[in-house]
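Predicted model, so just to flag it, every value in this text is computed and none were measured.
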Amino acid sequence: MSASPQLSVIVGFSSDTIAPVARADYLAECLEALAKQADPPTMEIIVAHHEPIEGLDAVKARFSDVRFLSTPDVVKRVGGREHHDVPRGRAIAAATGELIGLLEDHELPDPRWAASVVEAHRRTDAGIGGAIENGVDRALNWAVYFCDFGRYQNPVPAGASAFASDANVTYKRADLDLVRESWEDAYREVPVNDALRALGKTISLDPTMVVYQNRHALTFGEALRERYSWGRSYGATRVTWLTTPKRLAYTALAPVLPALLLLRMGRRAWQRKRHFGNFLRAVPFIVPLLMAWSSGEMAGYLAPQRVNA
């Protein structure tokens, strides 16, 4: 084995938004899938986490080769997502691989995910995002999937992209080091990708890098509260770079977002020709989830100082 692994995989917690204390319920399944990769490169796996995580000691005992990077100074706020970003930034700093991949605890990477990452990075692209599929065949899970990751359903368009999800994205270490100031305090994909593009680097998508959303224990009430929280966080983050007129315009348009997003989701599902039937049966759940998101986004625009506190 070389001194440095080819790939550092950073697994962050994102399925704990509304819980008073985060749990490691999904993490073991994610790590098991990483342990069973076919034709894997040399890898290190880093779990970046705040404290406390209920059930984490049992996962640590089971996966002794995994590095668990604790950030005890990071405070979890119920209903927020901000505490996910600081641990990921510190994990990137601690990672030693030539390539850096970011996943979330509720995901199951395809058996050839790691091999596909290495193959994809034979290209010169600085960052490469992959496809995200639904792994739980329930109407609620399809609804959450379309709300979260519908644009990443396969076949994702291969090549340069204006977006890549932080739930399945990989970077060349050398390129990340060029924009260290964009992630060392906290990793968020938009400022990092924008900083790379500003240097003339390319962010792309690759349909062979597949992960599956695996939130089999999710309830409708949890999904609603979560959707509101994420919409509020999104609005509060977005307002930091919006002018006041644009902020007011987005606030005024928030009530029509559910209809616009629903139409966009349906059109994309139809065009991809794989999951339109699942989209239709998920619509009764999608509509209230979109309403919760738009309400949260409006709250983020109107009260960003409270959301960022």
Side-chain angles (χ1 to χ4, degrees), residues 5 8-28 30-31 34 44-97 100-107 165-167 169 171 173 176-195 222 225-226 228-241 296 299-300 303-309:
S8 295
V9 184
I10 296 168
V11 181
F13 281 87
S14 69
S15 57
D16 66 337
T17 305
I18 60 171
V21 178
R23 293 182 54 85
D25 294 345
Y26 296 113
L27 179 62
C30 177
L31 297 180
L34 286 169
E44 67 173 348
I45 301 172
I46 303 173
V47 174
H49 65 93
H50 56 286
E51 296 283 359
I53 304 289
E54 193 172 304
L56 191 60
D57 287 343
V59 178
K60 287 181 178 180
R62 180 176 170 188
F63 297 94
S64 58
D65 292 338
V66 173
R67 181 179 178 187
F68 291 83
L69 183 64
S70 175
T71 55
D73 58 311
V74 176
V75 177
K76 170 178 167 52
R77 183 178 62 80
V78 175
R81 298 191 69 189
E82 293 77 10
H83 61 281
H84 304 138
D85 302 331
V86 173
R88 291 192 298 182
R90 293 182 188 176
I92 292 172
T96 61
I100 309 293
L102 290 102
L103 299 176
E104 295 183 343
D105 62 317
H106 60 84
E107 294 172 335
S165 172
D166 62 348
V169 68
Y171 298 95
R173 173 87 228 188
L176 280 180
D177 285 342
L178 297 175
V179 295
R180 189 180 184 95
E181 69 282 354
S182 69
W183 55 260
E184 63 181 345
D185 292 331
Y187 170 84
R188 301 178 184 89
E189 77 272 23
V190 172
V192 171
N193 294 346
D194 285 350
E222 290 169 344
R225 294 193 297 274
E226 182 180 87
Y228 176 85
S229 296
W230 289 0
R232 187 177 64 174
S233 178
Y234 174 80
T237 300
R238 196 179 192 191
V239 80
T240 61
W241 66 78
Q305 70 283 355
R306 177 173 60 84
V307 174
N308 288 336

* Would Y187 and I100 count as a side-chain contact (heavy atoms from CB on, under 4.5 Å) if you check the C-alpha gap in whole Å, the side-chain angles of each, and the deciding distance to 0.1 Å? -> CA-CA 12 Å; Y187 170 84; I100 309 293; over 6 Å; no

Quick check for you: to the nearest 0.5 Å, what is the distance between [X] atom [atom1] and [Y] atom [atom2]?
{"X": "Y26", "Y": "S14", "atom1": "OH", "atom2": "OG", "result": "10.0 Å"}
{"X": "S70", "Y": "L56", "atom1": "OG", "atom2": "CG", "result": "8.5 Å"}
{"X": "E189", "Y": "S165", "atom1": "CD", "atom2": "OG", "result": "6.5 Å"}
{"X": "F63", "Y": "L31", "atom1": "CZ", "atom2": "CG", "result": "5.0 Å"}
{"X": "I45", "Y": "C30", "atom1": "CD1", "atom2": "SG", "result": "8.0 Å"}
{"X": "D105", "Y": "F13", "atom1": "CG", "atom2": "CZ", "result": "5.5 Å"}

* To do: For the pair I53 and V59, evaluate side-chain contact (heavy atoms from CB on, under 4.5 Å) and give the outcome as yes or no after the intermediate values.
  => CA-CA 10 Å; I53 304 289; V59 178; over 6 Å; no

* Assign the ring pair H50 / H84 to parallel, tilted or perpendicular, where the plane angle (0 to 90°) is split at 30° and 60°. =>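 If you compare the ring of H50 with that of H84, the planes turn out tilted.
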
Atom of [X], atom of [Y] and distance for their closest heavy-atom approach:
{"X": "G300", "Y": "V239", "value": "O-CG1, 4.4 Å"}
{"X": "G97", "Y": "R173", "value": "O-CB, 3.4 Å"}
{"X": "A48", "Y": "I10", "value": "CB-CG2, 4.3 Å"}
{"X": "D185", "Y": "V86", "value": "O-CG2, 3.6 Å"}
{"X": "P87", "Y": "H49", "value": "CB-N, 3.9 Å"}

* To do: Please lay out, stage by stage, how D166 and R88 fare under the test side-chain contact (heavy atoms from CB on, under 4.5 Å).
  => CA-CA 10 Å; D166 62 348; R88 291 192 298 182; 3.0 Å; yes

* Counting N and O atoms only, with roles assigned by atom type, does the side chain of S229 sit under 3.5 Å from a partner on the main chain of R225, one being a donor and the other an acceptor? ->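 Confirmed, S229 side chain pairs with R225 backbone.
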
* Asked: Quick check: does any side chain N or O of W183 sit under 3.5 Å from a backbone N or O of I92, one acting as donor and the other as acceptor?
  ->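 No: the side chain of W183 does not pair with the backbone of I92.
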
* To do: Name all residues meeting the side chain to side chain donor-acceptor pair (under 3.5 Å) criterion together with D194; count only those two or more places apart in sequence or in a different chain, and write none if there are none.
  =>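 Per chain and number, D194 pairs via side chain to side chain donor-acceptor pair (under 3.5 Å) with R197.
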
* Which residues share a side chain to side chain donor-acceptor pair (under 3.5 Å) with E44, sequence neighbours left out ->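 Applying side chain to side chain donor-acceptor pair (under 3.5 Å) to E44 gives S8, T96.
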
* What residues form a side-chain contact (heavy atoms from CB on, under 4.5 Å) with A94, not counting sequence neighbours? ->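 Residues passing side-chain contact (heavy atoms from CB on, under 4.5 Å) with A94: R67, L69.
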
* Assess whether side-chain contact (heavy atoms from CB on, under 4.5 Å) is satisfied between Y171 and V192, documenting all intermediate values. => CA-CA 10 Å; Y171 298 95; V192 171; 4.1 Å; yes

* In this structure, are over 12 heavy atoms from other groups packed under 6.0 Å from D73 atom CG? ->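 More than 12 heavy atoms, drawn from other residues, nucleotides or ligands, come within 6.0 Å of this atom.
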
